[in-house]
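Structure, as structure tokens:
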Amino acid sequence: MENANIAEIFSSIQGEGPEAGIPYTFLRFTGCNLQCRYCDTEWANEPLESARVLKCSTDIAEHHFNPISAEDCLGILSGFKYRNLCFTGGEPMLQSEFIETILGGLKGKRLMMETNGTLRDNITPALLERIDVWSVDIKLPSVSGENVMDDNRYFLQRLENAKQVVIKTVFSDETPESELKAALSMADEFYKLNPRMSFVFQPVTEENRVLAGDNLEVICKLIDKYAFEIRVLPQVHKILKLL
Ligand code: SF4
């Protein structure tokens with residue numbers, strides 16, 4: 001695929017997971033195959049006329065009409081100097097063919113794929129070889145309103161040989177313990193396939209408010225049963241009020 005629908009290309013600080021705080025360039029695609037209840041991406045399921053390009057939060061944004069060609073996308077990205085590049089969305093794996101097309105022009109970049117973990121058929125050998133970090137959601141039905149845990153499990157099975165995997169599970173103060181356990185148990189299954197993984201519990205984060213409730217205590221009691229690394233981290237970029 002030579003063209004993509006892109007929402008934004010911008011530099012910021014990684015706000016989620018174990019790499020929170022690290023400078024990243026974000027290539028954010030439009031479109032998503034899910035409709036999560038807590039989605040904070042209002043255009044996730046709508047095409048945008050143009051992509052916003054912002055090198056630094058103090059710059060004036062440029063706008064590039066969609067769809068954007070692979071060549072133009074690489075041209076825009078060449079103006080961004082951070083070594084780390086994150087494909088995000090929406091759901092970037094919907095446009096995985098385009099991502100494959102631009103991989104050759106991203107030599108020297110460290111690449112992260114931030115995905116909802118439901119489109120296993122779009123994982124290709126080229127992506128497996130080149131993506132440095134897969135950040136994969138396990139979506140809990142009580143939080144997201146979506147029941148895709150089987151899809152998440154099948155997706156993870158395809159990442160057996162991935163270089164590094166971060167599994168992320170968003171929870172709220174209302175998430176039942178059974179769902180927290182189900183996520184950990186799925187991660188444990190995956191850890192036996194690929195020990196290059198870590199796990200992040202991410203409380204629903206609103207500006208100045210983290211909705212974890214008693215579940216922080218519940219998680220603390222559960223985590224010592226597992227051999228893999230588990231962190232609890234809010235969405236740092238919302239607290240810092242970054243993009
Ligand atoms: S997967 Fe992400 S972008 Fe898609 S609807 Fe859910 S939260 Fe929004």
Side-chain angles (χ1 to χ4, degrees), residues 4-10 12 14-20 24-48 51-52 66-67 85-99 111-123 127 131 133-156 158-159 165-175 179-180 182-183 186-187 190 199-207 209-212 233-239 242-243:
N5 284 297
I6 293 172
E8 298 175 300
I9 303 178
F10 62 100
S12 189
Q14 177 59 259
E16 297 187 354
E19 305 217 358
Y24 260 89
T25 300
F26 294 85
L27 173 45
R28 189 190 290 283
F29 293 90
T30 64
C32 186
N33 57 324
L34 301 182
Q35 291 187 310
C36 302
R37 202 157 39 212
Y38 60 80
C39 183
D40 55 8
T41 315
E42 65 271 13
W43 41 259
N45 283 302
E46 289 164 24
L48 289 177
R52 187 173 68 136
N66 278 314
L85 173 64
C86 179
F87 301 116
T88 186
E91 175 47 46
M93 289 297 289
L94 279 174
Q95 298 185 69
S96 57
E97 283 179 41
F98 177 83
I99 294 173
L111 303 179
M112 175 184 281
M113 180 74 76
E114 212 167 61
T115 170
N116 64 27
T118 57
L119 298 169
R120 77 174 251 147
D121 292 342
N122 294 5
I123 303 173
L127 288 174
I131 298 296
V133 187
W134 292 81
S135 172
V136 182
D137 287 350
I138 292 180
K139 299 261 177 214
L140 302 183
S142 69
V143 186
S144 66
E146 297 275 5
N147 196 344
V148 291
M149 288 185 78
D150 283 342
D151 294 319
N152 291 152
R153 176 175 288 107
Y154 299 140
F155 189 94
L156 285 168
R158 288 289 298 271
L159 297 183
V165 178
V166 176
I167 297 178
K168 185 184 78 195
T169 294
V170 176
F171 71 99
S172 76
D173 47 353
E174 292 177 354
T175 304
E179 288 193 359
L180 301 173
M186 193 189 299
F190 179 68
F199 186 97
V200 176
F201 272 122
Q202 180 176 289
V204 171
T205 314
E206 297 173 348
E207 280 183 33
R209 225 158 64 105
V210 174
L211 303 180
L233 284 171
Q235 284 178 302
V236 173
H237 60 290
K238 288 193 181 165
I239 293 165
L242 291 168
L243 280 172

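The analysis underlying the following values was restricted to heavy atoms, covering all of them including side chains, and did not include hydrogens, waters or symmetry mates. Order of listing sets the numbers, starting from 1, for every ligand and every atom in it. Please read these numbers as outputs of a predicted model, since none were measured by experiment.
- Counting all heavy atoms, side chain and backbone alike, Ser172 lies closest to Val143 at N-CG2, 4.1 Å.
- Residue contact check: Asn116 has heavy atoms under 4.0 Å from atoms 1 (S) of ligand 1.
- Scanning Pro92, Gly117, Cys39 for the heavy atom closest to atom 8 (Fe) of ligand 1 points to Cys39.
- Using a 4.0 angstrom heavy-atom cutoff, Glu146 does not count as in contact with ligand 1.
- When the options Glu114, Glu19, Met113 are evaluated for a side-chain contact (heavy atoms from CB on, under 4.5 Å) with Val133, the one that passes is Glu19.
- Atom numbering of ligand 1 starts at 1 in the shown order; those under 4.0 Å from a heavy atom of Cys32 are 1 (S), 3 (S), 4 (Fe), 5 (S).
- No hydrogens or angles considered: a donor-acceptor pair under 3.5 Å links the side chains of Thr118 and Asn33.
- Between Phe201 and Phe199, the two ring planes are perpendicular [angle over 60°; tilted spans 30° to 60°].
- Closest heavy-atom approach to atom 2 (Fe) of ligand 1 among the candidates Glu91, Lys139, Arg37: Lys139.
- Atom numbering of ligand 1 starts at 1 in the shown order; those under 4.0 Å from a heavy atom of Leu34 are 5 (S).
- At least one side-chain heavy atom of Ile9 sits under 4.5 Å from a side-chain heavy atom of Thr25.
- Checking Asn116 against Glu91 by side-chain atom types alone, a donor-acceptor pair falls below 3.5 Å.
- Among the backbone and side-chain atoms of Cys36, an N/O/S atom is found under 2.8 Å from atom 6 (Fe) of ligand 1.
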